Amino acid sequence: ETVDVSGQFLLPGAIDVHVHFREPGYTHKEDWRTGSAAAAMGGTTTVFEMPNTNPPTRSVRELRQKQEAAAKAHVDYGIYGLLAEDNIDELQGLIDGGVNAFKCFMGNTFGNLPSPSTGAMLEGFEIIAPSGLRISLHAETASIMAWRQKRLMEAGRNDPLAHIAARPAIVAAEAVGRAAELAEWTGARIHILHISSAAELRPLAEAKARGVEITGETCPCYLLLDSRDYARLGSIIRVNPPVRDASDSEAIWAALQSGVVDMIATDHAPHTVEEKTKDVIWQADCGFPGVETQMPLMLNEVSKGRITLEHYVTVSAEKPAKAFGLWPHKGRIEAGAEADIAVVDMHRTETIRAEALHSRGKITPFEGVSVTGIPVHTLVRGRFVQRDRQLVPETSGWGRQVTAIQAMPKPTIRNADQTLAACLQGPAGSAKGAGS
Ligand code: NCD
Ligand code: ZN
Ligand code: ZN
């Protein structure tokens, strides 16, 4: 079977290192079949799925459960393990059991997973560093947010802008700086999720300049929406961290162009329409679906001349592949790479409609937006999973878990003699357990 692709572009399929597919535990919001169908429709051929499911992916047991759920996927996937206060002793098992990366929630968000103390994070970084697996951070400092939210609620503030007031950019900047310090100390590779502010860019750029193994992503909402949109969209755009001012999105655009921000991910975070539309901002769930609209929205920016097609490929495929150990098999179209391809029609215009999304989350802040530049076919390892704007339903189950191929140089383990594990063993030659 052949398709006519004359006049169209072949791009490496997008690699989205930040999606929430909700299974197990919250399948009324999404599951692996619907989430991966949305990815296929959006030209995304590999996703990395987050551990804030129920149960969270905190040990090998839950990893196996997630792998079972993921077997339905239309596209390839990586699985995140959790790094939390109460599963430090499970981290090595998760590494040996085949997780592709770790996620650490420094601040509270959907799933209400408690944030680890800096002490627990440090030990977690020490354990994960030698594996070379990347640790992705929800970089918001819990203690600052808890205090501010308490004060805002006491004052009776429940309007959309109170959501920003509870999570000012200092919350994120402080967390990025602290995470970078821990990464520098341990040699762990880290990734900053959902960059939303100008304030985070300085600690990120400074850490890169010092040689810290750090990458950063932003999401279409932080590039394309700003605080003026709250009046129109209200709780629909409630997301952690919040959409901020136009000056923030300007700064993030510039950082994406310069390479300080490495990549685009979506933070695909589906919830039901009821869960999203509340009069009181504190009651609305945070996040919205994004994996199906990312490529059309960003190609529309290509059409407008805001980013080149070449640079879009760098930030949507090449850099995520390199950062998460998939390069050179994924993230490019060359002999020797897997045929993960989005065929895009840069002359086709569509209007985004929540009703038409393949996600179970039928609500989007981009409702009614007209976009030019559409992925019209998607291939995963040479097989059509989307064809002529139609999902190929029988490809449910074609997706498989990626393996990091360790093409990245081995990480330098810094301060290895001062890790908690080394300290617990005591000075060399000392009798074990000989205490005071
Ligand atoms: C995410 C979710 O719903 O799982 N929500 C969000 O607002 N971004 C969690 C997260 O990534 O913080
Ligand atoms: Zn997050
Ligand atoms: Zn997320």
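Just so it is clear, the model here is predicted, and its values are computed rather than measured. Whatever order the structure lists them in is the order used to number ligands and atoms, beginning at 1.
At the shortest separation from atom 5 (N) of ligand 1 among protein heavy atoms lies Cys286 O, 3.2 Å. When only non-hydrogen protein atoms are considered, atom 12 (O) of ligand 1 lies nearest to Thr109 OG1, 2.7 Å. If you check which protein heavy atom lies closest to atom 1 (C) of ligand 1, you get His20 NE2, 3.6 Å.
Those atoms of ligand 1 with a heavy atom of Asn52 less than 4.0 angstrom away are 2 (C), 4 (O), 9 (C). Close approach of ligand 1 to His138 is summarised as follows: ligand atoms under 4.0 Å from at least one heavy atom of the residue are 10 (C), 12 (O).
By the criterion of a heavy-atom distance under 4.0 Å, both the backbone and the side chain of Asn240 are placed next to ligand 1. Under 4.0 Å from ligand 1, not a single heavy atom of Met50 appears. Neither the backbone nor the side chain of Glu140 comes within contact range of ligand 1; no heavy atom lies under 4.0 Å.
His358 and Gln386 share no donor-acceptor pair across their side chains, judged by distance under 3.5 Å alone. Glu367 and Thr364 form no side-chain donor-acceptor contact under 3.5 Å, judged by distance and modelled atom types alone. Between the side chains of Glu23 and Thr27, no donor-acceptor pair of N or O atoms lies under 3.5 Å.
Look at His271 and you'll find a heavy atom under 4.0 Å from some atom of ligand 1.
Using the six-membered ring where Trp is involved, His194 and His18 have ring planes that are tilted, between 30° and 60° apart.
Note: Tyr26 and Phe110 meet the aromatic proximity criterion, with ring centroids under 6.0 Å apart.
Side-chain atoms of His271 come within 3.5 Å of backbone N or O of Cys286 as a donor-acceptor pair.
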**Asked** Where do Ser316 and Met298 land on the side-chain contact (heavy atoms from CB on, under 4.5 Å) test, with the steps shown first?
**Response** CA-CA 10 Å; Ser316 64; Met298 293 306 296; over 6 Å; no
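At under 3.5 Å, not a single nitrogen or oxygen of Ala269, backbone or side chain, sits near a nitrogen or oxygen of ligand 1.
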